[in-house]
Protein chains: 4
Amino acid sequence: MTDQQVPSTIKDEALIVKRRNQMIKGAVTLFMEKGFHKTTTREIAKASGFSIGTLYEYIRKKEDVLFLVCDSIYQRVKERMEASIDPEQTTVKSLIQAVRSYFQLMDDMQDEVLVMYQEVKSLSREAQEYVLQKERDMVAMLEQVIINSLPGEYAEAEVRLMANNIFVQGQMWGFRRWILQRNFTIQTYTDTQIHLLLRGLGKEIEGIIQPADNAGHA
Amino acid sequence: MTDQQVPSTIKDEALIVKRRNQMIKGAVTLFMEKGFHKTTTREIAKASGFSIGTLYEYIRKKEDVLFLVCDSIYQRVKERMEASIDPEQTTVKSLIQAVRSYFQLMDDMQDEVLVMYQEVKSLSREAQEYVLQKERDMVAMLEQVIINSLPGEYAEAEVRLMANNIFVQGQMWGFRRWILQRNFTIQTYTDTQIHLLLRGLGKEIEGIIQPADNAGHA
Amino acid sequence: MTDQQVPSTIKDEALIVKRRNQMIKGAVTLFMEKGFHKTTTREIAKASGFSIGTLYEYIRKKEDVLFLVCDSIYQRVKERMEASIDPEQTTVKSLIQAVRSYFQLMDDMQDEVLVMYQEVKSLSREAQEYVLQKERDMVAMLEQVIINSLPGEYAEAEVRLMANNIFVQGQMWGFRRWILQRNFTIQTYTDTQIHLLLRGLGKEIEGIIQPADNAGHA
Amino acid sequence: MTDQQVPSTIKDEALIVKRRNQMIKGAVTLFMEKGFHKTTTREIAKASGFSIGTLYEYIRKKEDVLFLVCDSIYQRVKERMEASIDPEQTTVKSLIQAVRSYFQLMDDMQDEVLVMYQEVKSLSREAQEYVLQKERDMVAMLEQVIINSLPGEYAEAEVRLMANNIFVQGQMWGFRRWILQRNFTIQTYTDTQIHLLLRGLGKEIEGIIQPADNAGHA
DNA sequence: CATGAATGAGGGTTCATTCAT
DNA sequence: GATGAATGAACCCTCATTCAT
């Protein structure tokens, strides 16, 4: 469905979707390379495969491109999370699986996530709010998984914070890549984080956590 | 000492330091309000209390102001960390104290840290590298504290990751403030994070962690 | 009849007339509200009830719309003048009647006349000339009426100027409306102008001029 | 004094006046040739003798140039009227002299007046109001002259209308030049208009009006 | 050392016009 | 005949940077 937040002068809805996808694809790369502010609308148009005039048939202001990009990223992240995480599951194994697939997702989309991290603040307050909500939804999903998997184990505030920690640790893999990716692969990073997360949950848990080479006990 | 990274036409070193401090002070506020790109050099000059001409006696390019600001922030953070953390200490209590004072620091400087988080990417690669080094130093400090406080408890990779986690969790208090500061004060946030961090370290540790109201066991 | 000055790609003459009338009607309002230059072709198309593509089937350039509008206004003014003024009449009464009906016409069409006053200069020189000719015709009509009604009373130059004065005074009712329409209605305005015009023509004339309340002698 | 309606970033008041005068001079010619809308800001800057950047140090928006131009024209007209007309005079001769010098003024400034006539409508409503007031002042001056010169001769409404007529007849010499200046010089135009204006004021007046060749009785 | 006027490259955006469907 | 998506020249305006005083 066309994004109702950003009006277009074009009538053909299907075309809007198609052109905006071209746009988003082209823009993400540019934003990644030079940031939103240093990217010109002409560059966006070119990277999208159409003229500057056409670009402005599908948006009103340059900022709309940023919104479209951010919204699309969040949307894709959210969809993939929903597809790979089942909040109804009630085993520790399913928690581990959730974290694992979320981290994998963050690895796949690290460029996109980095862009978003650095540029959302350039959105209007309302657009930020709109996008922030999606974030809240995702954190809530993680919360639910934790609660279901380890009922009674943590206080409410702890669960909330754990969800936030996991969420940020996923993004951190992307935005601190220059530091982390020297010492970890996404695999070892994931294993080690899970290990730290579930430490001290008792003997019966230990077996589930695959000990990686550099994630083992001393 | 004058920052050797940014040359000035002025000879009087003391004056350079003075003017640049005025500059940084004025600029931080502006960057916080509107971001680096939307802040004009004229605004910076005005906020600094001198003319645009004078501004350019103390820097070469607008980006220099950003560098000066970022560098100053990192410098202040680093100095305060060094002042409050003693890496030679070898008790769990000292680890807790280190985290506690670091989080407090991040609370005090959350605006500055937020600015940095959002604008470093606008620095030249070399400037980023220069500033990144300070970050590495700080993470290394945290690593050292963990190793000293809990020798043999964690694998090397785990320690490195814990240090990174703590470091990011401190900043996260600032850059996710709209989400976190609804549910936590810096006190409860700190307590809960420490609790999660040290879970399962054995009976002898438990007593040290003050159980807060919303950080207690179920 | 189709305006030969503005070619169209459409064959059906009746359709051209119909579409152009839609166009003129829509455009006048827009030109009145925002002026020719600030009105876009898209707005004209929309106000005309068809698409931008269709608009360009009936004109070549945006300026053609302005020409069509101006021409149509002049045409209507001229037609109404010809309908209400009989240059063959030879009485002072008929002169008064002519002025009276011309002023009434200018009151009815003040918006249109104002538009024309402000926008003709945007026409090409040739289009201006074409339209100017209609104006000359109208002034000539007034001249003829004066000559017939008051033979021998004025020198040739005086007649010419009187006709011009009357013509402009009619338009002035529209383009100086913000000043004049505070103090006059079209009735009192007409009466007073006629009074000033015919002053001192001798006793036999006096009776004909209806003395209005605010048009009487001191 | 600097025009308070249009702010400038320049501090030196004298410089503002100087540069704006350059600007007005350059702009009037351009507006005359191609109209306000078809004149670009770069052309204005060039015609003013400075760069586009400098232009914008002295105005905020393109419309400000138009306002400055209109205001300056009205100001000059008003000043010259005040210098040449003495509203205290009480003779018919002085009325004639007033009209004569006003018409001469309109001849001298016909280009400027034409520009204003065609472009004021492009000003913002408030700017128009500001400029309109100057016009009212001038009409009021003419009213006063008529009242003083011919006390008791005309009703109030008549005086008001006469003043308006004279005012517009002066401008008309400029904006209908293509028609009028074929048949009249500014001299014969003035004489004829005065003659028409004062017809029938009695024998004692007649002598004062110089009969011109093409302005004589039949 | 300090000032602020001057510069102009370059950016965002508009809109008249075309043309394939 | 009608439509409306596509185009890109051109416009207004900003702002980092310089340099004469």
Side-chain angles (χ1 to χ4, degrees), chain A residues 8-12 15-16 18-19 37-45 49-65, chain B residues 8-12 15-16 19 37-46 49-65, chain C residues 8-12 15-16 19 37-46 49-65, chain D residues 8-12 15-16 18-19 37-45 49-65:
Chain A
S8 162
T9 64
I10 300 305
K11 298 189 172 177
D12 185 338
L15 197 53
I16 296 183
K18 181 182 162 197
R19 291 274 180 269
H37 282 105
K38 291 203 170 171
T39 302
T40 68
T41 52
R42 277 169 177 82
E43 287 170 328
I44 296 171
F50 36 69
S51 72
I52 181 66
T54 301
L55 179 71
Y56 273 89
E57 297 283 339
Y58 294 91
I59 55 163
R60 290 161 312 173
K61 318 194 281 71
K62 186 188 175 192
E63 203 205 283
D64 286 344
V65 181
Chain B
S8 161
T9 64
I10 303 301
K11 305 289 167 198
D12 185 339
L15 196 53
I16 296 183
R19 290 273 181 267
H37 282 104
K38 290 203 171 171
T39 302
T40 68
T41 50
R42 275 171 165 83
E43 286 170 326
I44 296 170
K46 191 172 202 178
F50 38 71
S51 73
I52 181 69
T54 302
L55 181 72
Y56 273 87
E57 299 285 339
Y58 295 92
I59 55 162
R60 289 162 312 171
K61 317 193 294 47
K62 186 188 174 191
E63 203 206 281
D64 286 343
V65 181
Chain C
S8 162
T9 64
I10 303 303
K11 304 291 168 199
D12 185 339
L15 196 52
I16 296 184
R19 290 274 181 267
H37 282 104
K38 291 203 171 172
T39 301
T40 68
T41 51
R42 276 171 165 82
E43 287 171 326
I44 296 171
K46 190 173 203 178
F50 37 71
S51 73
I52 181 68
T54 302
L55 180 72
Y56 272 87
E57 299 285 339
Y58 296 90
I59 55 162
R60 288 162 311 170
K61 318 192 294 50
K62 187 188 175 192
E63 204 205 278
D64 286 345
V65 181
Chain D
S8 162
T9 63
I10 300 304
K11 299 189 171 176
D12 185 338
L15 197 53
I16 295 182
K18 182 183 163 195
R19 291 275 179 270
H37 282 105
K38 291 203 171 172
T39 302
T40 69
T41 51
R42 274 176 174 78
E43 286 171 328
I44 296 172
F50 38 69
S51 72
I52 181 68
T54 301
L55 179 71
Y56 275 89
E57 297 284 340
Y58 294 91
I59 55 163
R60 289 161 311 172
K61 319 193 282 80
K62 186 189 174 192
E63 203 205 282
D64 285 344
V65 181

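Chain A is the first sequence line, chain B the second, and so forth, proteins listed ahead of strands; every chain is numbered from 1. Worth saying up front: this structure is predicted, and the values here are computed from it rather than measured.
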Check your understanding: With sequence neighbours left out, what residues match C/K46 under side chain to side chain contact (heavy atoms under 4.5 Å, CB included)?
Key -> none

Review point. Which residues satisfy the salt bridge (charged side-chain N to carboxylate O under 4.0 Å, His left out) test with C/E57, sequence neighbours excluded?
Key: none

**Study point:** Gap between atoms CG and C1', on B/D64 and F/dA16 respectively (whole Å)
**Key:** 12 Å

Exercise for review: Kindly indicate, with the supporting measurements, whether the criterion side chain to side chain contact (heavy atoms under 4.5 Å, CB included) is fulfilled by C/D64 and C/Y58.
Suggested key: CA-CA 9 Å; C/D64 286 345; C/Y58 296 90; over 6 Å; no

Check your understanding: Among all residues two or more places apart in sequence or in another chain, which pass the salt bridge (charged side-chain N to carboxylate O under 4.0 Å, His left out) test with A/R42?
Key -> none

Point to revise | D/E63: partners by side-chain hydrogen bond (donor to acceptor under 3.5 Å, both in side chains), with sequence neighbours left out | key: none

Review point. For DNA chain F, which ranges pair as stems of 3 or more consecutive Watson-Crick or G-U pairs, with both donor-acceptor distances under 3.5 Å?
Key: E:2-21 with F:2-21

Revision key, fill the gap. When rounded to the nearest 0.5 Å, the distance separating CD1 of B/I16 from NZ of B/K11 is 9.0 Å

Practice item. State which residues pass side-chain hydrogen bond (donor to acceptor under 3.5 Å, both in side chains) with A/S8; sequence neighbours excluded, sorted by chain then number. Key: none

Study note, to complete from the structure: note: B/E43, atom CD; F/dA16, atom C1'; distance rounded to Å ~ 13 Å

Review point. Base, backbone or nothing for each nucleotide of nucleotides 4-11 of chain E, written B, S, -, heavy atoms under 4.0 angstrom, 5' to 3'?
Key: BBBBBBBS

Check your understanding: Nearest-Å distance, CD1 (D/I44) to C1' (F/dC13)?
Key -> 13 Å

Check your understanding: Of all residues at least two apart in sequence or in a different chain, which pass the side-chain hydrogen bond (donor to acceptor under 3.5 Å, both in side chains) check with A/T41?
Key -> none

Exercise for review: Grab the OH-P distance between B/Y56 and F/dA16 for me, whole Å please.
Suggested key: 6 Å

